[in-house]
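What follows is a single structure, written as structure tokens, with notes after it.
Sequential numbering from 1 along the given sequence is applied to the chain's residues. Just so you know, these numbers use all the heavy atoms, side chains as well, and skip hydrogens, waters and symmetry mates. Each ligand, and each atom within it, is numbered from 1 in the order the structure gives.
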Amino acid sequence: MKVLVTGGAGYIGTHTCVTLLGQGYEVVIVDNLSNSKPAAVERVRELSGKDVAFYQEDVGDEQALRDIFQKEKPQAVIHFAGYKAVGESVEQPLKYYENNVGITVALLKVMGQCGVKNIVFSSSATVYGDVENPPLREDAKLPHHANCPYGTTKLINEQMITDCAHADPAFNAVLLRYFNPVGAHESGRIGEDPAGTPNNLAPYIVQTVVGKRDKLHVFGNDYPTPDGTCIRDYIHVVDLAEGHAAALKLFEKGGCGLRVYNLGTGRGHSVMEVLKAFCEAAGQEIPYVIDGRRDGDLPESYADVSKAKRELGWEAKKTLQDMCVDSLRWQRQNPDGYGD
Ligand code: NAD
Ligand code: UFG
């Protein structure tokens, strides 16, 4: 099966492409490199030993996208492309609605015009908002808006794709709600390469280990959790990548209609537990300071993963220790990420 991967040069996209290529899928990457580097695509080619078609295009450019679909004739799409910085989305909401919602409209239109009926969409645990208590189940009632514009774009995308599935019985869509992706490919050749100061916990910690940051700022230790710091469901990015391969299998079996799955481990770890695991993996103390709470953070979020196990035959295998060791290997081997 040939799969067109939007945002395939990004963090999760590169890992997914390597996994898919390893399983015999053909991959076509469309990425405008707004948050990634050409070297990432080169590393996918290097790791897979396969030729991967790459188009540096904006997914919102319908004509360019149509040309790619007509030339490459993919049978399925995995849609990773989008912006993902929560804080930036609060400051510049329209940037997020334009890119994250607008390009999905363009993509769905072009898929319709070209007769491509299978899509996997990168959603997020953020769609659950703060209404339900964990473990979060896919059938939870979702809020009308998330706690930031970025999250709301995920809700809107889920709704648009759901409406397309309702409008066309032959349309197949798998919405994957990722929890907290961490880690890197065990080769140390691909990994997360955040621009500027990292917003997320794991990249901030690894940059502290290599001396690019002075110390970790722990955002609050007065939450109603055992050690007072927030709990999240961290999942190794390679496990996440395999979740996408499992989703594609649904298309190969025939019409699956609309499906929604959490991709997490089902286990929560606190910020202090993650820090401790990184200290062990690094073999050193990692300096930190307790700061105030960050706006919008939930005390606790972790997945109910039973549906993905039951229906996709997929479950996360890697441990928090694996995530730490692999993130550190990537950071140490590539202190400046993919470079300029
Ligand atoms: P990333 O920024 O590394 O990758 C996204 C890629 O999309 C980048 O390479 C970027 O250049 C590209 N892109 C953005 N807008 C584009 C456009 N208009 N046209 C073409 N390419 C475009 O992010 P990631 O961490 O790999 O995340 C991938 C997807 O997973 C995103 O949709 C994100 O919202 C979602 N997600 C990520 C996380 C996380 O913590 N990383 C959690 C939940 C969901
Ligand atoms: N944290 C710190 N210091 C930091 C960064 C984070 O203490 O420098 C804490 C946060 O307060 C939170 C935990 O570490 O308690 C995890 O924070 P992340 O930013 O790594 O992850 P979030 O759970 O906040 O956000 C992630 C993705 C979002 C997605 C959300 C869905 O980054 O894109 O999960 O739950 F929307």
Side-chain angles (χ1 to χ4, degrees), residues 5-16 29-37 40-41 55-61 64-65 78-87 89 95-96 98-100 102-104 106-107 121-130 136 146-148 150-151 153-154 157 176-182 191-195 197-205 207-208 213 215-221 223 225 229-235 237 240-241 244 263-264 269-272 274-275 288-303:
V5 182
T6 75
Y11 170 46
I12 304 171
T14 45
H15 289 82
T16 302
I29 295 176
V30 181
D31 197 305
N32 64 2
L33 302 183
S34 55
N35 195 37
S36 50
K37 309 266 172 58
V41 179
Y55 296 89
Q56 185 178 345
E57 296 289 356
D58 195 298
V59 176
D61 181 340
L65 200 59
I78 303 182
H79 183 31
F80 292 110
Y83 298 147
K84 62 169 183 177
V86 171
S89 81
K95 176 173 173 179
Y96 277 70
E98 183 172 37
N99 197 46
N100 293 10
I103 66 173
T104 308
L107 177 65
F121 175 65
S122 296
S123 191
S124 162
T126 190
V127 298
Y128 290 113
D130 56 5
L136 297 162
N147 63 359
C148 66
Y150 161 74
T153 70
K154 292 295 177 195
N157 274 307
L176 297 179
R177 295 179 180 154
Y178 312 155
F179 279 69
N180 289 60
V182 176
E192 190 167 11
D193 181 17
T197 308
N199 298 308
N200 301 116
L201 181 63
Y204 204 101
I205 293 177
Q207 290 198 4
T208 308
R213 310 277 154 207
K215 52 182 176 300
L216 173 71
H217 297 258
V218 175
F219 298 143
N221 69 349
Y223 285 96
T225 61
T229 63
C230 295
I231 290 174
R232 295 288 180 273
D233 185 339
Y234 297 93
I235 174 171
V237 67
L240 195 71
H244 293 74
L263 295 185
H269 290 284
S270 72
V271 174
M272 293 312 289
V274 173
L275 182 62
Y288 71 94
V289 62
I290 306 288
D291 276 3
R293 293 182 179 195
R294 183 173 72 176
D295 273 355
D297 275 342
L298 297 175
E300 195 171 18
S301 169
Y302 57 90

Please list the nearest protein heavy atom to [atom] with its residue and the distance rounded to 0.1 Å.
atom                    : answer
atom 34 (O) of ligand 1 : Y150 OH, 2.7 Å
atom 26 (O) of ligand 1 : I12 N, 2.8 Å
atom 2 (O) of ligand 1  : N35 ND2, 2.7 Å
atom 29 (C) of ligand 1 : F80 O, 3.3 Å
atom 13 (N) of ligand 1 : N32 OD1, 3.5 Å
atom 10 (C) of ligand 1 : D31 OD1, 3.4 Å

Look at the side chain of Y223 and the backbone N and O of L298, then say whether any donor-acceptor pair between them is shorter than 3.5 Å.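 Checked: no pair found.
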Quick one: does E57 get within less than 4.0 Å of ligand 1, heavy atoms only? yes
Out of all atoms in ligand 1, which are within 4.0 Å of some heavy atom of [X]? Include the element for each.
X    : value
S124 : 43 (C), 44 (C)
L33  : 11 (O)
S34  : 10 (C), 11 (O), 13 (N), 14 (C), 15 (N)

So, 4.0 Å and heavy atoms of [X]: is ligand 2 close enough to count as a contact?
X    : result
S124 : yes
Y234 : yes
Y128 : no

Establish, yes or no, whether the cationic atom of K95 lies under 6.0 Å from the six-membered ring centre of Y83 and within 45° of the ring axis.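 Yes.
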Between D297 and ligand 2, which part of the residue brings a heavy atom under 4.0 Å of the ligand: side chain, backbone, both or neither?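 It is the side chain that gets close, since no backbone atom is under 4.0 Å.
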Just to be sure I read this right, does ligand 2 sit under 4.0 Å from the backbone of T126, its side chain, both, or neither, counting only heavy atoms? both
Note: ligand 2 atoms sitting under 4.0 Å from heavy atoms of N199 are 5 (C), 19 (O)
As an exercise, identify every atom of ligand 2 less than 4.0 angstrom from a heavy atom of N180. 21 (O), 22 (P), 23 (O), 26 (C), 34 (O)
Among S89, S123, G220, C230, closest by heavy atom to atom 15 (O) of ligand 2 is C230
